[in-house]
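Notes for the one structure printed next.
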Amino acid sequence: MIEEQIVGRGIDEPRLIEAMRAVPRHRFIPETYRSHAYEDCAVSLDLGQTVSQPYIVGLMTRLLDANESDRILEIGTGSGYQTAILARLARSVYTVERLAVLGRQARETLESLEYDNIHYRIGDGHEGWPAEAPFDGIIVTASPSVLPDALFRQLKTGGRMVIPIGEELYTVTRSGEEAIKVHHGGVRFVPMVEDGA
């Protein structure tokens, strides 16, 4: 997986490669689909959610460019696979999952793997985690139709968000009140649903 899907497609940042090698992807995949854990595709979870294709996880993590002192907000814990990689790269990860069942399963898996720098919350991803803001970086693993203002305001000035908007992937850097967007191509993510929607 690493050699063909990650390094073979030009992602060769050493800390990221080391983190992806260290995280056992199959532990985050339901038993029914575990034989597909290392394939070049997204894998189904319960409740209509997916674990992103390994390349997309690698690409988004590289674009986030977290370092050892960063506090990162993740919107969409999902299986916890992306969370685990972030936890190996950043000082702390604050992860928000809308679906309580998925959030609990991910937490159990991550705690069984002895990650101790992850903070968990069940809630609406559009709201982020205001009590812990501002963050050095934010990564969003579901797709809103527009950039959520509440999330943008939880970025530090100079901080970076990696987010799919519609079917396009962007990095958004905060410069004061200005959002500087850079486009990184087409992607497909599950929609980012608001509570009550």
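This structure is a prediction, so every number in the text was calculated from the model and none was measured. Quick note: numbers below take in every heavy atom, side chains included, and nothing from hydrogens, waters or symmetry partners.
At least one donor-acceptor pair closer than 3.5 Å links the side chain of Asp70 to the backbone N or O of Asn67. Between the side chain of Tyr38 and the backbone N or O of Arg25 there is at least one donor-acceptor pair closer than 3.5 Å. A donor-acceptor pair is defined here as one N or O able to donate and one able to accept, closer than 3.5 Å; such a pair exists between the side chain of Asp136 and the backbone of Arg71. In this structure, the side chain of Arg121 does not engage the main chain of Arg98 through any donor-acceptor pair within 3.5 Å. Judged purely by atom type and a 3.5 angstrom limit, Arg34 uses its side chain to pair as donor or acceptor with the backbone of His26. For Asp12 (side chain) and Val7 (main-chain N/O), no donor-acceptor pair under 3.5 Å exists by modelled atom type.
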Under 3.5 Å donor-acceptor pairs involving side-chain atoms of residues 178-193, not counting sequence neighbours:
residue: His183; atom: NE2; partner: Glu168; partner atom: OE1; Å: 2.5
residue: His183; atom: NE2; partner: Gly185; partner atom: N; Å: 3.4
residue: His184; atom: NE2; partner: Thr171; partner atom: OG1; Å: 3.0

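With hydrogens and angles left out, the side-chain atoms of Tyr81 and Arg27 include no donor and acceptor closer than 3.5 Å.
When all heavy atoms of Leu16 and Gly58 are compared, the pair lying nearest together is CD2-O, 3.4 Å. Here the shortest heavy-atom pairing between Ser143 and Gly166 reads OG-O, 2.5 Å. The nearest pair of heavy atoms linking Ile11 to Leu59 is CD1-N, 3.4 Å. Between Ile165 and Ser145, the shortest heavy-atom distance links the atoms CG2-O, 3.4 Å. Across Gly103 and Ile122, no two heavy atoms sit closer than the pair CA-CD1, 3.9 Å. Contact detail for Thr50 and Ala42: the closest heavy-atom pair is CB-CB, 4.3 Å.
Taking CD of Gln49 as the reference point, atom OG1 of Thr77 lies at 11.0 Å (rounded to 0.5 Å). The CG atom of Leu73 sits 10.5 Å away from the OG atom of Ser92 when rounded to the nearest 0.5 Å. Rounding to the nearest 0.5 Å places CG of Leu64 at 12.0 Å from CZ of Arg62. Between atom CG of residue Leu169 and atom CD1 of residue Ile56 there is a gap of 7.0 Å, rounded to the nearest 0.5 Å. The distance from the CZ atom of Arg107 to the NE2 atom of His119 is 10.0 Å, given to the nearest 0.5 Å. Put simply, CG on Leu89 and CE on Met20 are 10.0 Å apart, with the number rounded to the nearest 0.5 Å.
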Check your understanding: Given Glu68 and Arg15, is the salt bridge (Lys or Arg N to Asp or Glu O under 4.0 Å) satisfied, shown in steps?
Key -> CA-CA 10 Å; Glu68 297 97 328; Arg15 289 183 66 240; 3.6 Å; yes
*Between Glu97 and Arg104, does a salt bridge (Lys or Arg N to Asp or Glu O under 4.0 Å) hold up when you go through it step by step?*
CA-CA 9 Å; Glu97 173 56 53; Arg104 282 196 300 269; over 6 Å; no
Do Asp65 and Arg160 pass the side-chain contact (heavy atoms from CB on, under 4.5 Å) test, and can you show the C-alpha distance, the side-chain angles, and the key distance before you say yes or no? CA-CA 9 Å; Asp65 195 26; Arg160 177 181 294 185; 4.1 Å; yes
- [ ] Decide yes or no on side-chain contact (heavy atoms from CB on, under 4.5 Å) for Gln105 and Val101, but give the supporting numbers first.
- [x] CA-CA 6 Å; Gln105 289 173 348; Val101 172; 3.7 Å; yes
* Kindly indicate, with the supporting measurements, whether the criterion side chain to side chain donor-acceptor pair (under 3.5 Å) is fulfilled by Gln82 and Thr141. => CA-CA 9 Å; Gln82 172 79 78; Thr141 60; over 6 Å; no
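Between Met161 and Leu147, some side-chain heavy-atom pair lies under the 4.5 Å cut-off. With a 4.5 Å cut-off on side-chain heavy atoms, Thr83 and Ile118 count as touching. Between Gln154 and Pro134, every side-chain heavy-atom pair lies at or beyond the 4.5 Å cut-off. The shortest distance between side-chain heavy atoms of Asn117 and Arg91 does not fall below 4.5 Å. Between Gln5 and Glu39 the shortest side-chain heavy-atom distance does not fall below 4.5 Å. Proximity of Val23 to Phe28: side-chain heavy atoms (C-beta onward) are separated by under 4.5 Å at one or more points. Looking at heavy atoms from C-beta onward, Pro148 lies in side-chain contact with Ile163 at the 4.5 angstrom threshold. Contact annotation: the side chain of Pro24 approaches that of Leu113 to within less than 4.5 Å [non-hydrogen atoms, C-beta and beyond].
In the hydrophobic cluster analysis, where Ile, Leu, Val, Met, Phe, Trp and Tyr join through side-chain heavy atoms closer than 4.5 angstrom, Val140 is grouped apart from Val51. Cluster membership check: Ile85 shares its hydrophobic cluster with Tyr120, using side-chain heavy-atom separations under 4.5 Å among Ile, Leu, Val, Met, Phe, Trp and Tyr. Ile72 and Tyr170 fall into different hydrophobic clusters, where Ile, Leu, Val, Met, Phe, Trp and Tyr side chains are chained together by heavy-atom contacts under 4.5 Å. Grouping the Ile, Leu, Val, Met, Phe, Trp and Tyr side chains by contacts below 4.5 angstrom, directly or via other members, places Ile139 apart from Phe135. At a threshold of 4.5 Å between side-chain heavy atoms, the hydrophobic network of Ile, Leu, Val, Met, Phe, Trp and Tyr places Val162 and Val172 in two separate groups.
Shown here is Glu4, whose CD atom has no more than 12 heavy atoms of other residues, nucleotides or ligands within 6.0 Å. For Glu18, the CD atom sits in a loose shell: 12 or fewer heavy atoms of surrounding residues, nucleotides or ligands are nearer than 6.0 Å.
Ring orientation note: the planes of Trp129 and Tyr94 are nearly perpendicular, at an angle over 60° on the 30°/60° scale.
For the pair Arg174 and Phe152, the cation sits on the ring face: its NZ or CZ lies under 6.0 Å from the ring centre, inside 45° of the axis.
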